[in-house]
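Heads up, the thing below is written out as structure tokens.
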Amino acid sequence: MRFDLVTIFPEFFTGPLDFGVLRRARERGLVEVQTMDLRSFTYDRHRTVDDRPYGGGEGMVLKAEPIFAAVESLALPAKGERTGDRVLLLSAQGRPFTQAVAQELAALDRVVLLCGRYEGVDERVSELLCDGEISIGDYVLSGGEIGAAVIVDAVVRLLPGVLGNPDSARYESFGAAERHDGAKVDGVPRSTYGSGGLLDYPHYTRPESFRGVSVPELLSGGDHDAIRRWRRRKSLEKTLRNRPELLAVADLSPEDQSVLAELRRAAEPVPE
Ligand SMILES: C[S@@+](CC[C@H](N)C(=O)[O-])C[C@H]1O[C@@H](n2cnc3c(N)ncnc32)[C@H](O)[C@@H]1O
């Protein structure tokens, strides 16, 4: 897979993409990331990438011409004719970036991310060049670069061969939800194989006791089914507490439903 990151600050990416999983994935040729300096696609003496907004108001707006020139230099199919390629604009007004969107992007051959700055980007970029706008959250950043780094990171770890264990990403928070069809994987009901859209369970490592808090005994007991049930319960508990809206779309087995009912009862205020 390949990412092309269009930015006025190409140096920004030298840090975030050069560590850990991302670095190894690049070194092993599993992903290629190219940064494109928007100023290289300007043709005036001052290498102008921005201009004042029509209609007045604060700030500057990134011009359409250099962005079109940068993307057109990649010779991708035109908007509307792309299959394995996407051109996406980072924008607080965009479609929310979630693990499901990361999975969609991981299935593509090439993703071009356009990083806005200032007050934003001339609207014709979105209208005529992009396949969509994408937001990394409901807040306003100063530029699209941090968002682009977030997207590259989240997508790359889903690419085949990037994580040591190909199932790791399924067991994490928001892991792919499977339909509860009664099927079993490794003898475990499929809906409990992977997180099924829930938040992750707690993890512990040595020392066994730290500042008066011990690792739950069951985790050292070797009873794999008890450990699986404990982890699932903790996932449900945390999702109910921190992100209850995820439960509506999570893949829940009858066992999950009864644990959840129990957790909800326990959370109800005791009548006087
Ligand atoms: C200061 S912001 C512009 C905000 C814009 N005027 C608005 O109110 O939506 C500059 C650039 O940062 C990027 N950006 C800001 N917030 C973002 C978010 N939540 N997700 C993705 N990109 C974002 C976009 O590329 C945007 O063009």
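Numbering of ligands and ligand atoms starts at 1, following listing order. Everything numeric here is computed off the predicted structure, so don't read it as measured data.
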Going by the order shown, which atoms of ligand 1 are within less than 4.0 Å of some heavy atom of [X]?
| X | value |
| --- | --- |
| Val140 | 1 (C), 2 (S), 4 (C), 16 (N) |
| Gln93 | 5 (C), 7 (C), 9 (O) |
| Gly144 | 12 (O), 13 (C), 25 (O) |
| Gly120 | 27 (O) |

Under 3.5 Å: N/O of [X] near N/O of ligand 1:
| X | answer |
| --- | --- |
| Leu90 | yes |
| Leu141 | yes |
| Ile136 | yes |
| Tyr118 | no |
| Ile134 | no |

*Do Val61 and Leu90 share a hydrophobic cluster, counting only Ile, Leu, Val, Met, Phe, Trp and Tyr and linking them when any side-chain heavy atoms are less than 4.5 Å apart?*
no

How close does the nearest protein non-hydrogen atom get to [atom], and which residue and atom is it?
| atom | value |
| --- | --- |
| atom 22 (N) of ligand 1 | Ser91 N, 3.4 Å |
| atom 5 (C) of ligand 1 | Glu119 O, 3.6 Å |
| atom 17 (C) of ligand 1 | Ala92 N, 3.6 Å |

Taking 4.0 angstrom as the limit, do [X] and [Y] come out as a salt bridge?
| X | Y | value |
| --- | --- | --- |
| Arg243 | Glu245 | yes |
| Arg82 | Asp131 | yes |
| Asp122 | Arg124 | yes |
| Asp18 | Arg26 | yes |
| Glu268 | Arg265 | no |

So for [X], does at least one of its heavy atoms come nearer than 4.0 angstrom to any atom of ligand 1?
| X | result |
| --- | --- |
| Leu114 | no |
| Gly147 | no |
| Phe97 | no |

*Return the minimal non-hydrogen interatomic distance between Trp230 and Pro216, and the atom names on each side.*
CZ2-CG, 3.6 Å

*For the residue pair Ser195 and Ser173, what are the closest heavy atoms and their distance?*
OG-C, 4.0 Å

*Give, for atom CG of Leu76 and atom CD of Glu81, the distance between the pair rounded to the nearest 0.5 Å.*
11.5 Å

_To the nearest 0.5 Å, what is the distance between CG on Leu114 and CG on Asp4?_
10.0 Å

